[in-house]
2 protein chains.
Amino acid sequence: MTDIKTASTNFANKQALAEECPEAYASNILGGQWTLVICSWLLEGKLRFSELKKRLPNITERMLSLQLRKLEDNKMISRTVYPEVPPRVEYELTTIGYELKPIIKALEDWGSRHKATMEEA
Amino acid sequence: MTDIKTASTNFANKQALAEECPEAYASNILGGQWTLVICSWLLEGKLRFSELKKRLPNITERMLSLQLRKLEDNKMISRTVYPEVPPRVEYELTTIGYELKPIIKALEDWGSRHKATMEEA
DNA sequence: GTCATTACTTACATTTTATATAGTACATTA
DNA sequence: TAATGTACTATATAAAATGTAAGTAATGAC
């Protein structure tokens, strides 16, 4: 997440796949460990950094910060800084970010069904 | 993918998240670099190892093997070995695997729209 | 007996992602 | 003047995912 090597095979593979397969492209954006959960919380409305942190009990500030920045770079969320002290920063889904909603719901649904399938065995 | 340390914080975090959030659970299953693309190909019908390899030009045999095994462990695909020489092995989506179809389609759709959004800037 | 074919596996190296811990900046409050 | 709260950043380290290169097993064709 910090410094990726654009000369690596891995990077090239990701790029190539993302260009050919929109589902791989989407996966690159949504694949982070906390990404979908953050988006899921933001579906309910904008939240401050500290509010997100509270909802993601085990995340470190660094990870939250990195994931938010990645989401912002991908235009999934917007970031609003209020000129106050102590600082206040709000994160909110953009239009394209919000359009993930049905997919997240479908994933939650499928996930639950999958879990049930696994427990059958 | 090979040896994960069940005592790590990372492992604990993933477990905890997966239990609470079905979307994180789903993401753990689908998050591999090639996973969705493999599933996408299998949506069109069962394929042999070598046929998959042909469709994923840059994947190494090791990665394909690992991803297929993970998918199999997660009951996403079934593996049929024909007692022939040289060997023939077919991979096919299971019921729960096939139920990913609408999600993959939705992701492809959303991915394309997202790409368009990014190119606007 | 050597070669070809297929579906792998193994050992190792590298890259990417995640965690741990400790800072920083700023204005208000005490 | 020192302490407080918020949203971070910096550096180090650990873990996970991916890639490289070389093997293996089995048997039918030559």
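Not measured: the values here are computed from a predicted model. Chain identifiers are assigned alphabetically (A, B, ...) following the order of the sequence lines, protein sequences preceding nucleic acid strands; residue numbering begins at 1 within each chain.
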Any side-chain N or O of [X] less than 4.0 Å from the OP1 or OP2 oxygen of [N]?
| X | N | result |
| --- | --- | --- |
| S65(B) | dT9(C) | yes |
| Q67(A) | dA18(C) | yes |
| T9(B) | dA18(C) | no |
| K14(B) | dA17(D) | yes |
| N13(B) | dT19(C) | yes |
| N10(A) | dG19(D) | yes |

Nucleotide [N], atom [atom2] - distance to [atom1] of [X] in whole Å:
| X | N | atom1 | atom2 | value |
| --- | --- | --- | --- | --- |
| L66(A) | dT16(C) | CG | C1' | 12 Å |
| K5(B) | dT17(C) | NZ | C1' | 15 Å |
| L17(B) | dT19(C) | CG | C1' | 14 Å |
| I4(A) | dT16(C) | CD1 | P | 6 Å |
| D3(A) | dA10(D) | CG | C1' | 13 Å |
| K53(B) | dT9(C) | NZ | P | 14 Å |
| R69(A) | dT9(D) | CZ | C1' | 9 Å |
| F11(A) | dA17(D) | CZ | C1' | 17 Å |

Given 3.5 Å as the limit, does a donor-acceptor pair link the side chain of [X] with the main chain of [Y], or not?
| X | Y | value |
| --- | --- | --- |
| S112(A) | E108(A) | yes |
| W34(A) | A24(B) | no |
| W110(B) | I96(A) | yes |
| H114(A) | N74(B) | yes |

### Task
Confirm from the modelled atom types if R62(B) and dT10(C) form a donor-acceptor pair under 3.5 Å, side chain to base only.
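There is none.
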### Query
Under the side-chain contact (heavy atoms from CB on, under 4.5 Å) criterion, do K105(A) and D109(A) qualify, and how do the steps go?
CA-CA 6 Å; K105(A) 295 302 171 192; D109(A) 230 65; over 6 Å; no
### Query
Any side-chain heavy-atom pair from L64(B) and L68(B) closer than 4.5 angstrom?
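Yes, at least one pair of side-chain atoms sits under 4.5 Å.
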For nucleotides 2-7 of chain C, give me every protein contact, N/O to N/O, under 3.5 Å, one pair per line with atom names.
unit_1, atom_1, unit_2, atom_2, d
dT6(C), O3', R48(B), NH2, 3.0
dT6(C), O3', P87(B), O, 2.9
dA7(C), OP1, R48(B), NE, 2.8
dA7(C), OP1, R48(B), NH2, 2.8
dA7(C), OP2, S50(B), N, 3.0
dA7(C), OP2, S50(B), OG, 2.8

### Query
M118(B) and L30(A): same hydrophobic cluster, using ILVMFWY side-chain contacts below 4.5 Å?
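Linked within one cluster.
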### Query
Hey, any chance Y82(B) and L47(B) share a hydrophobic cluster, counting ILVMFWY side chains that come within less than 4.5 Å of each other, even indirectly?
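No, Y82(B) does not connect to L47(B) through the hydrophobic network.
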### Query
Which parts of residues 29-40 of chain B get close to DNA chain C, meaning a heavy atom less than 4.0 angstrom away?
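Close to the strand, none.
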#### Entry: Spacing of CD belonging to E90(A) relative to CG belonging to L42(A), to within rounding of 0.5 Å
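Rounded to the nearest 0.5 Å, the CD-CG separation comes out at 11.0 Å.
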### Task
Take Y91(B) and I38(B), measure what side-chain contact (heavy atoms from CB on, under 4.5 Å) needs, and give me the verdict at the end.
CA-CA 10 Å; Y91(B) 294 94; I38(B) 291 173; over 6 Å; no
### Query
When we call it a touch if two heavy atoms are under 4.0 Å apart, what does S8(A) touch: a base, just sugar-phosphate, or nothing?
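Sugar-phosphate: the residue S8(A), judged by heavy atoms under 4.0 Å, touches backbone atoms but no base.
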